Amino acid sequence: MAPQSAERQEAECVSGAQLVAEALKLQNIEYMFGIVGVPVTEIAIEAQANGIKYVGMRNEQAASYAASAVGYLTGRPGVCLVVSGPGLVHALAGMANANMNCWPLIVIGGSSDRNQETMGAFQEFPQVEACRLYSKFSARPSSLEAIPAVVEKAVRNSIYGRPGACYIDIPGDFVNMQVNKSSVKYVDCCPAPPVSMAEELAVSKAASFIAHSKKPLLIIGKGAAYSRAENSIRKLVDQCGLPFLSTPMGKGVVPDNHPYCVAAARSRALQHADVIILLGARLNWILHFGLPPRFQPDVKIIQVDICAEELGNNVRPVAALLGDIKAVTEQLLDHLGKKLWKYPSNTEWWKELQAKIKSNEETSKALSLQKHLPMNYYMVFHHVREVLPKDCVLVSEGANTMDIGRTMLPNYHPRHRLDAGTFGTMGVGLGFAIAAAMVTKDYSPHQQVVCIEGDSAFGFSGMEVETICSYYRYNLPIIIIIVNNNGIYSGLDADNWKEMSKLGEPSSWVPPVSLLPNAHYEKVMSSFGGKGYFVQTPEELQAALRASLEEKHVPSLINVMIDPQSDRKKQDFHWLTRSNL
Ligand code: ADP
């Protein structure tokens, strides 16, 4: 046989970096977020060459948050690419957050060369082991040839069953090493997860409990949003006349302005319901563990989840429906449809809920219509709500900013609210907003992304403003609204500050909750080429928001000064009660 030409031999070779990028592309990965450096720069370059969009961020935490939000928004994981050691350690934040949220995510970490392992190599760290605690699957391919199979397995693990984070470790010496293409084990794109349905007996038991309930309640969680079950759930609500409420990120699966939404009577609805249908929400701290005093001691829970191990956590359900929410909701609809069952609209339960909705709405309205300055939270959200487009993607984080914003800013579409989530993570805002802006740019360019956060929350990832700004970077026209109370929970104003500064050394008296009074965060935005607004009145706020919405191609930051002591209205129950502040 004649020897092959040098070009032909070269054409048949492929580097580790190329293999990673090609395998990701084959698995329909569209977006990668990261920070390059030794040894992963070539992987980012190859990803771009293969048609994967790469966004270079300023901190791996924000990159990992962004990649995880892509997974939630598109159903296909985003990738976070990080360097060895500290780069990977920063990305653990996003892996933990994604896993807690049950969102798919792929993290790819470069690691030190194999022949330097245990020798104290540059940034050497037990990365595969470190990621195990934060992921469903954590592995290093045994060879270059095995890279596509490991990538496919990671993608499949991230979306099959309960979604979550997966880690792939790429040693530095793999990146530029070459291998003959013919020896590589290529694996086809993994299909969407197979759909699983609940046992028929369990479905008919559930339908019977629902049909006999006196005070039914449907709870819609972010698992329902992730599973794209909005049409079936909407049908269930309408066909059965069920009062429903959504968890923070379940909002919008059925629009918040639906007449059967009882969000404004949340505590009352949870406390008195006799039968609860739980669609893709865990009975964790967000739902007060499903226990008294927030729930009836004998409440009957009908639990729908894709994760068998979740069924029965904290409360034993009367019916455990293991399966995909969309498919199981169709099964329930079928059973209840056959019974021609609809919950009557004239019951005592409806009257009780409606009365509570009315009184709660009146309290919020009174607070939101106050005229005094500086503004309180309710005034801010009321005036934002009047101007905000109904279809914008809302990102929200902070303490009061997120909690009050959740009740004051309605969602009309599924997967249009991203927030601190199950892990209560602060600092996710800008990463999530960047992910949402990348996805909307490709799939629904008319939609705008609005990120509303507290001044403290903004600080965690503030430098990502540089990522979104200017034609030389990614030019993502995100609108950031900072609800600025000079601190965490509450702050000091400049006068208090002057008075207290007489006390001497700042570290012995500056309240741990306080941040700089009247900080001009809008200048961060203008310094990178976006628009910055400093607003103190409702009129200035609305004018700035209108101008930002009109300037569709320029990112903006509206810094809204509020009363540093502004607080939530009185609650029947606090979500978290540990602090006496
Ligand atoms: P929330 O924060 O809105 O209360 P959680 O994150 O606690 O929601 O719960 C989401 C639940 O949804 C998880 O238990 C997860 O296993 C489940 N889940 C995710 N995808 C699906 C699906 N396709 N079908 C059924 N359940 C799902």
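Start at 1 and go down the list; that is how both ligands and their atoms are numbered. Remember, it's a predicted structure, so these values are computed and weren't measured experimentally. No hydrogens, no waters, no symmetry mates; every other heavy atom, side chains included, goes into these values.
Considering backbone and side-chain N/O of I306, one or more are found under 3.5 Å from N/O of ligand 1. Checking only distances, T247 does come within under 3.5 Å of ligand 1, N or O to N or O. Between D324 and ligand 1, a contact under 3.5 Å exists for at least one N or O pair.
The distance from ligand 1 to the heavy atoms of G221 drops below 4.0 Å at these ligand atoms: 3 (O). Listed by atom number, the atoms of ligand 1 under 4.0 Å from G280 heavy atoms are 8 (O), 9 (O), 10 (C), 11 (C), 12 (O). Interface of S227 with ligand 1, defined as ligand atoms under 4.0 Å from a residue heavy atom, comprises 22 (C), 23 (N). Those atoms of ligand 1 that come under 4.0 Å of a heavy atom in G323, given as number and element, are 24 (N), 25 (C). Against a heavy-atom cut-off of under 4.0 Å, K222 is close to the following atoms of ligand 1: 1 (P), 2 (O), 3 (O), 5 (P), 6 (O), 8 (O). For ligand 1, the atoms closer than 4.0 angstrom to any heavy atom of N284 are 7 (O). Atoms of ligand 1 found under 4.0 Å from any heavy atom of C307, numbered from 1 in the order shown, are 16 (O).
Ranking the protein heavy atoms by distance from atom 7 (O) of ligand 1 puts R282 NE, 2.8 Å first. Remark: minimum distance from atom 12 (O) of ligand 1 to any protein heavy atom is reached at G223 CA, 3.2 Å.
A cation-pi arrangement, defined by a distance under 6.0 Å to the six-membered ring centre and an angle within 45 degrees of its axis, is absent between K300 and F209. Cation-pi check for R228 over Y226 is met; the charged atom lies under 6.0 angstrom from the ring centroid and within 45 degrees of its normal.
Contact check on K214 versus E348 returns no salt bridge, with no Lys/Arg side-chain nitrogen under 4.0 Å from an Asp/Glu carboxylate oxygen. Electrostatic pairing of R140 and D169 counts as a salt bridge here, judged by a charged N lying under 4.0 Å from a carboxylate O. Under the 4.0 Å criterion applied to side-chain N and carboxylate O atoms, E309 and R162 are not assigned as salt-bridge partners.
K365 NZ: 12 or fewer foreign heavy atoms inside a 6.0 Å radius. Enclosure of atom OH in Y343 by more than 12 non-hydrogen atoms of other residues, nucleotides or ligands within 6.0 angstrom is indicated.
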Y65 and W103: CA distance, side-chain angles, deciding distance, ring pair (Phe, Tyr, Trp, His ring centres under 6.0 Å) verdict
CA-CA 11 Å; Y65 298 144; W103 289 358; 9.9 Å; no
Worked check of side-chain contact (heavy atoms from CB on, under 4.5 Å) between C240 and W341:
CA-CA 6 Å; C240 298; W341 181 81; 3.7 Å; yes
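Around atom 16 (O) of ligand 1, the closest heavy atom drawn from V253, L322, I325, D305 belongs to D305.
Judged by distance alone, the side chains of Y377 and N485 do bring a donor and an acceptor atom under 3.5 Å apart.
At a 4.0 Å heavy-atom cut-off, ligand 1 touches T422 through the side chain alone. Heavy atoms of R162 found under 4.0 angstrom from ligand 1 belong exclusively to the side chain.
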